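Here is the structure we will look at, set down as structure tokens.
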Amino acid sequence: MEDIERVKNKLPRGVSVADAKYEGSDIVLYIDTEDFFVDHHDRVSQIVSDVKKRVHIRPSKNLFEQPETARTSIKELCGDHVEEMIFQPELGKVIIRTGSPERIDNPSKTREIRKETLWKPQVERTPAIDSKYVNRARELTVEDPEFRKEFLNEVGEKIRRDSDDDEWVRVSSLGGFRQVGRSCVLVQSETSNVLLDCGIDPSAEEGGRDNFPHLDAPELDIPALDAVVLSHAHMDHMGMIPYLYRMGYDGPLYCTAPTRDLMIMQTLDYIDISHSEQASAPYESKHIKQAVKRTITPEYGKVTDVAPDVKLTLQNSGHIIGSSIVHMHIGDGLHNLLYTGDYNYDDSHMLRPASTDCRRVETVITESTYGGRDDEQQPRNQAQKQFLSKMKQTLAKGGKVIVPAFAVGRSQEILGVMADELSHEHFDATVYLDGMIRDANALHTAYPEYLSKKIQKKIFAGNSPFTDNQIRSISSHEERKQVFEDPSCVVLTTSGMVTGGPIMSYLKKEAPREDNTLIFVGYQADGTLGRRILNGANQVEIDGERVEINMNVENVSGFSAHSDREQIKDFVRDLDGRADQVFCNHGETKKCFQLASS
């Protein structure tokens, strides 16, 4: 509690502190003094500068108005911009959800709310698209604030426990090396144990040993982990996160807010799909809830203590919304590790390129998905022209364009490519979205600050590529029949590697037609049906039926959310801190070796 006392001693004379708690690495003071609560910004900024810790000021229960009275006051102050208010007396916060956060989340308006209600406002953007998965994710993030308060305080106390004088750091691969899938890395020191990612292998046999990381490794003690860090919300990196909580882990999960919400959506969907296929998922929805209640969401660039000897910084990786490069400062200057997860060191429609703002790095673990000697992606503008050309040719002859894509990342990039085309009067084809793409789009509209400046401008100007009138979402077998009856259209559907999901229905129905075109826009892993079709299979088996592949099959590279070989080398070279050693993971064996020897 030494750092809390330091903060309290720096408060102005006469300020009454009713309670003080840790929130992970942060410090929260619950204040009884009205004037200081309303106008504390300048003084707290100076305290933060002095103690090098984030400090939050909130009202005590003796201070704030009753929720119903405060609700009326906030409505009067903010008008129709407020869509929902969630009061959390345990935390002294009111969460204000709105489609126009810029009208409320500014210093002047938040001060008015503090002054009139004596509640601490936390403003959140509501999605522009309704989604049951996003709604459920939002519900889970605000459940049980009393538990949340005590849990975060316990995390803060554990972070501040005494540490050993570290003399070594050990990194163990539990999955995702010399393969694409089941990414999982254990980082250990004499004091702490941190797990980076915990995914499944989508190309492996469902439920088989190769489907999951090596969580039975002797060096891994799941309940003893200090922290789990999630780089991004693709199943090959996060599909087994809830399983950790099933197996006794009870600690914090660190990731960005969009990553948290996407994890909720995709793991819930994973359970639903498993049940629909009469299979058993490795965890239940209650384990997802356990993970969410223990999630801490640092912003990009903010240093966060996650163990007595480990400081974590997340930076934008440019892969999907909320994806992160993970930087770990271990010990008192002992070692700095950079784990890239998946990253894109190139401009894209949706996202900014990966950040190289890492001032000191001794070891880099970089993905190698496209690290082979011949892995050079065509420029993105050429890929865009090629995709649009293939699409228009197919539509002109009355065929359907089927695009298998990941629900998160690639689907939004393709919509970004099509955005200008949809605005032209001559383009009258309907674009259908199937699978979880609509839900992922909804989440993108809730976090525009994580998107590229170009897409942000479109969203704020009312020209969002996610809400165009020509886009229709499919959510049932009955609605899918409408797509089959539409003679010429574009279908963007999951799964991206053709391993299951709605794409199977479209292939069974549309693959035999020569006028149709299947356009691959993403990586097809070894062992997947997508790879077999891409390699020229003219007949495949789907649900026990033989299906002729008579449709045109095209592969458009250049939309990848992964860096190619030269971009990987440029990224490592451009890091602010020059690495002493680089390890290559997340790639086929040959590509890992070829990149490592470059």
Side-chain angles (χ1 to χ4, degrees), residues 23-25 133-156 158-159 174-175 182-186 193-200 212-213 215 220-275 280-298 304 306-307 312 314 320-324 326 341 408 436 439-440 443 447:
E23 278 196 358
S25 66
Y133 281 108
V134 173
N135 293 340
R136 181 61 178 141
R138 289 282 166 114
E139 289 171 8
L140 287 175
T141 61
V142 296
E143 279 191 5
D144 204 350
E146 183 61 43
F147 167 84
R148 179 90 175 154
K149 182 177 182 179
E150 294 307 315
F151 170 75
L152 291 174
N153 187 62
E154 290 175 9
V155 171
K158 289 178 181 177
I159 288 171
L174 305 182
R182 60 174 180 175
S183 290
C184 192
V185 178
L186 177 63
N193 301 271
V194 178
L195 197 68
L196 309 179
D197 289 347
C198 192
I200 64 170
F212 310 124
L215 299 180
L220 175 64
D221 182 355
I222 292 176
L225 288 169
D226 290 281
V228 176
V229 183
L230 176 57
S231 65
H232 68 283
H234 273 152
M235 289 298 289
D236 61 325
H237 289 258
M238 61 83 187
M240 290 293 281
I241 293 285
Y243 181 78
L244 298 173
Y245 290 89
R246 176 184 172 182
M247 296 305 292
Y249 180 59
D250 200 34
L253 169 65
Y254 293 89
C255 62
T256 65
T259 297
R260 174 201 60 197
D261 293 0
L262 285 169
M263 178 193 70
I264 298 169
M265 290 166 50
Q266 294 193 86
T267 49
L268 286 173
D269 186 57
Y270 179 52
I271 292 174
D272 289 345
I273 291 173
S274 295
H275 290 170
S280 59
Y283 46 81
E284 302 173 25
S285 59
K286 66 181 180 182
H287 303 117
I288 300 172
K289 184 183 292 189
Q290 279 183 266
V292 175
K293 288 168 66 174
R294 293 161 177 80
T295 300
I296 297 173
T297 55
T304 301
V306 299
L312 170 73
L314 303 180
I320 63 172
I321 187 170
S323 60
S324 302
V326 178
V408 182
M436 285 195 68
D439 301 287
L443 191 129
Y447 294 104

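Position 1 is the first residue of the sequence, and the numbers go up from there. Remember, it's a predicted structure, so these values are computed and weren't measured experimentally.
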Please report the interatomic distance OG1(T297) to CG(L230), rounded to the nearest 0.5 Å. 12.5 Å

To the nearest 0.5 Å, atom CD of Q266 lies from atom CD1 of I288 at 11.0 Å

Honestly, is K293 close enough over F151, meaning NZ or CZ under 6.0 Å from the six-membered ring centre and within 45° of the axis? no

Give the table of side-chain donor-acceptor pairs shorter than 3.5 Å for residues 247-265, with sequence neighbours excluded, one pair per line with atom names and distance.
from, atom 1, to, atom 2, distance (Å)
Y249, OH, V228, N, 3.4
Y249, OH, P252, O, 2.6
D250, OD1, R294, NE, 2.8
D250, OD1, R294, NH2, 2.9
T256, OG1, T259, N, 3.4
T256, OG1, T259, OG1, 2.9
T256, OG1, G322, O, 2.7
T259, OG1, G322, O, 2.9
D261, OD2, Y447, OH, 2.7

State, with a plain yes or no, whether a side-chain heavy atom of Y245 is found less than 4.5 Å away from one of V292. no

Minimum side-chain heavy-atom gap V194-V229 below 4.5 Å: yes

Supply the atom-to-atom distance L220 CG to N193 CG, rounded to the nearest 0.5 angstrom. 8.5 Å

What distance do L268 atom CG and R136 atom CZ have between them, rounded to the nearest 0.5 Å? 7.0 Å

What closest approach, in Å, do C184 and L195 show between heavy atoms, and which atom pair accounts for it? SG-CD1, 3.7 Å

Just wondering, do L312 and V326 contact through their side chains at under 4.5 Å, heavy atoms? yes

Can we say K289 and E143 salt-bridge, meaning some charged N sits less than 4.0 Å from an Asp/Glu carboxylate O? yes

Atom pairs and distances, side-chain donor-acceptor, residues 233-243, under 3.5 Å, sequence neighbours left out:
from, atom 1, to, atom 2, distance (Å)
H234, ND1, H319, NE2, 3.2
H234, NE2, V408, O, 2.9
D236, OD2, H586, NE2, 3.2
H237, ND1, D197, OD2, 2.7
H237, NE2, D342, OD1, 3.2
H237, NE2, D342, OD2, 3.2
H237, NE2, H586, NE2, 3.3

Show the nearest heavy-atom pair for residues I296 and R148, with the distance to one decimal. CA-NH2, 4.3 Å

For R138, all residues meeting side-chain hydrogen bond (donor to acceptor under 3.5 Å, both in side chains), sequence neighbours excluded: none

If we only count heavy atoms from C-beta on, is the C198 to L215 side-chain gap below 4.5 Å? yes

Has H287 got a side-chain atom pairing as donor or acceptor with E284's backbone, closer than 3.5 angstrom? yes

What heavy-atom pair brings G341 and S231 nearest, and what distance separates the two atoms? CA-OG, 4.1 Å

Is K149 salt-bridged to E146, cutoff N-O under 4.0 Å? no

So, R182 side chain and G175 main chain: donor-acceptor pair closer than 3.5 Å or not? no

In Å and rounded to the nearest 0.5 Å, what is the OH to CG distance from Y283 to L244? 10.0 Å

